[in-house]
Amino acid sequence: EARGTQGAERLEPIFFPRAEIVRPALLGFSSLAADLTWIRTVQYFGSRIERQERFPQLYQLVDMTTSLDPQFLDAYQYGGLFLGIARQYPNAIAIYRKGIAANPAAWQLPHDLGRLYFLELQDYPQALHWWTIADRLPGRPHYIPRFLIRLQAKVGHVETALELWQQMYKQSENEAIPEIARREILQLQKELRG
């Protein structure tokens, strides 16, 4: 047993060559290498969170995985989430932005970046920006328009939010939405008078 480990497994630092250097040596097996790197990333994160340790190589692992396979959406999504849990917010933002650039039609990445800005950083204008992008993409969740309207009010655009709720009230085909919109309209009208 190594001195000072007291039975705990010691994870040695991982060497990270740049993906541009490694890719030619992979002979077309970049996706497989990305999968293997991702497995190592999840193991790294899981073992360290279990022992409440820091994550000094987490960004490098996620970055390598996504560099080897730029279309690996799960690596961006969970990698960004892991980095957020580790409170490495600038790195999480960098991974989400990298994923958005590589996968511009995937609503999940601007959605998750908006969630990071909203929940963790409480930067509501940035959350509004990224959720607006997610709202324009095919397959996005049905609740995004309601989030956007509420964020409009939260960032001080109460009149815009009121107008959007009124449109949603008149145009929604979902039976539950007009009642939600009516309640939101009444609340915003009270704020404008108050």
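For the numbers below, each heavy atom of this structure counts, side chains included, while hydrogens, waters and symmetry mates do not.
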- The reported gap from OG1 in T37 to CG in L32 (rounded to nearest 0.5 angstrom) is 9.0 Å

- Task: Could you tell me the separation between the CD1 atom of I95 and the OG1 atom of T65, rounded to the nearest 0.5 Å?
- Result: 8.5 Å

- Hey, does D35 have a side-chain heavy atom less than 4.5 Å from the side chain of F72? yes

- Task: Verify side chain to side chain contact (heavy atoms under 4.5 Å, CB included) between Q187 and E191, making sure each step is shown before the conclusion.
- Result: CA-CA 6 Å; Q187 182 62 37; E191 283 180 37; 3.9 Å; yes

- Query: Are L137 and F118 linked, directly or through other ILVMFWY residues, by side chains that come within less than 4.5 angstrom of each other?
  - Reply: no

- Task: Over all heavy atoms of both residues, which pair between P178 and Y169 is shortest? Give the atoms and the distance, please.
- Result: O-CD1, 3.2 Å

- Task: Identify the heavy atoms of D69 and A34 that sit nearest to each other, and give their distance.
- Result: CB-CB, 3.4 Å

- Is the backbone N or O of Y124 less than 3.5 Å from a side-chain atom of K154, with the two atoms forming a donor-acceptor pair by type? no

- d(I149 CD1, I180 CD1) to nearest 0.5 Å is 10.5 Å

- Task: Find out if a path of hydrophobic residues (ILVMFWY) with successive side-chain heavy-atom gaps under 4.5 Å connects L83 to I85.
- Result: yes

- Task: In sequence, state the C-alpha distance, the side-chain angles, and the governing distance for I93 and L121, and then conclude on side chain to side chain contact (heavy atoms under 4.5 Å, CB included).
- Result: CA-CA 11 Å; I93 291 166; L121 302 173; 3.9 Å; yes

- Item | Salt-bridge criterion met for E184 and R150 (N-O under 4.0 Å) | yes

- Spell out, yes or no, whether L109 and Y117 are grouped together once hydrophobic residues are joined by side-chain heavy atoms under 4.5 Å, including indirect joins. yes

- Note on the structure: Heavy atoms of L58 and A86 approach each other most closely as CD2-CB, 4.2 Å

- Hey, any chance L151 and I133 share a hydrophobic cluster, counting ILVMFWY side chains that come within less than 4.5 Å of each other, even indirectly? no

- Mind checking ring pair (Phe, Tyr, Trp, His ring centres under 6.0 Å) for F147 and listing every partner two or more places apart, or none if nothing turns up? W131, Y143

- Query: Do L81 and D112 come close enough that some side-chain heavy atom pair is under 4.5 Å?
  - Reply: no

- In this structure, are over 12 heavy atoms from other groups packed under 6.0 Å from Q122 atom CD? yes

- Message: Check for me, please, whether V62 and F45 land in the same ILVMFWY cluster - side-chain distances under 4.5 Å, paths through other members count.
- Response: yes

- Task: Report yes if some heavy atom in the side chain of T41 is under 4.5 Å from a heavy atom in the side chain of M64; otherwise report no.
- Result: no

- Output for pair (E159 CD, Q152 CD), nearest 0.5 Å, gives 11.0 Å

- Note on the structure: Between A134 and W107 the two heavy atoms that sit nearest each other are CB-O, 3.8 Å

- Chi angles and distances behind the side chain to side chain donor-acceptor pair (under 3.5 Å) call for Q126, D123: CA-CA 6 Å; Q126 280 295 318; D123 184 336; 5.2 Å; no

- Does the Q166 side chain pair with the main chain of I185, one donor and one acceptor, at a distance under 3.5 Å? no

- Query: Does any non-hydrogen side-chain atom of R193 lie less than 4.5 Å from one of Q189?
  - Reply: yes

- Given the rule in the ring-ring contact (aromatic ring centres under 6.0 Å, His included) test, do Y76 and Y96 qualify, once you have shown the distances and angles that lead to the verdict? CA-CA 6 Å; Y76 293 110; Y96 285 131; 8.6 Å; no

- Message: Ignoring hydrogens, what is the shortest heavy-atom contact between E179 and R182? Give both atom names and the distance.
- Response: OE2-NH2, 2.7 Å

- Task: Return each pair, listed once, that meets salt bridge (charged side-chain N to carboxylate O under 4.0 Å, His left out) where at least one residue sits in residues 126-136; pairs must be two or more places apart or across chains.
- Result: D135-R140

- Message: If we ignore hydrogens and angles and just use 3.5 Å, is the side chain of N103 paired with the main-chain N or O of A106 as donor and acceptor?
- Response: no

- Message: Take a 6.0 Å sphere around OH of Y78 and say whether it holds more than 12 heavy atoms from other residues, nucleotides or ligands.
- Response: no

- Message: In the structure I gave you, are the side-chain heavy atoms of P56 and Q88 within less than 4.5 Å of one another anywhere?
- Response: no

- Message: Would you compute the distance between atom CG of L61 and atom CZ of R40 and round it to the nearest 0.5 angstrom?
- Response: 7.0 Å

- Item | Note, I100 side chain near W130 side chain (heavy atom, < 4.5 Å) | yes

- Intermediate values then yes/no, side chain to side chain donor-acceptor pair (under 3.5 Å), Y44 and Q57: CA-CA 9 Å; Y44 174 83; Q57 294 185 300; 4.7 Å; no

- Check: S67 and K98 side chains under 4.5 Å, non-hydrogen atoms: yes

- Message: Looking at every non-hydrogen atom in both residues, tell me the closest pair between L116 and A92 and how far apart they are.
- Response: CD2-CB, 4.0 Å

- Atom pair CZ/CZ of R87 and F55 - distance to nearest 0.5 Å: 10.5 Å

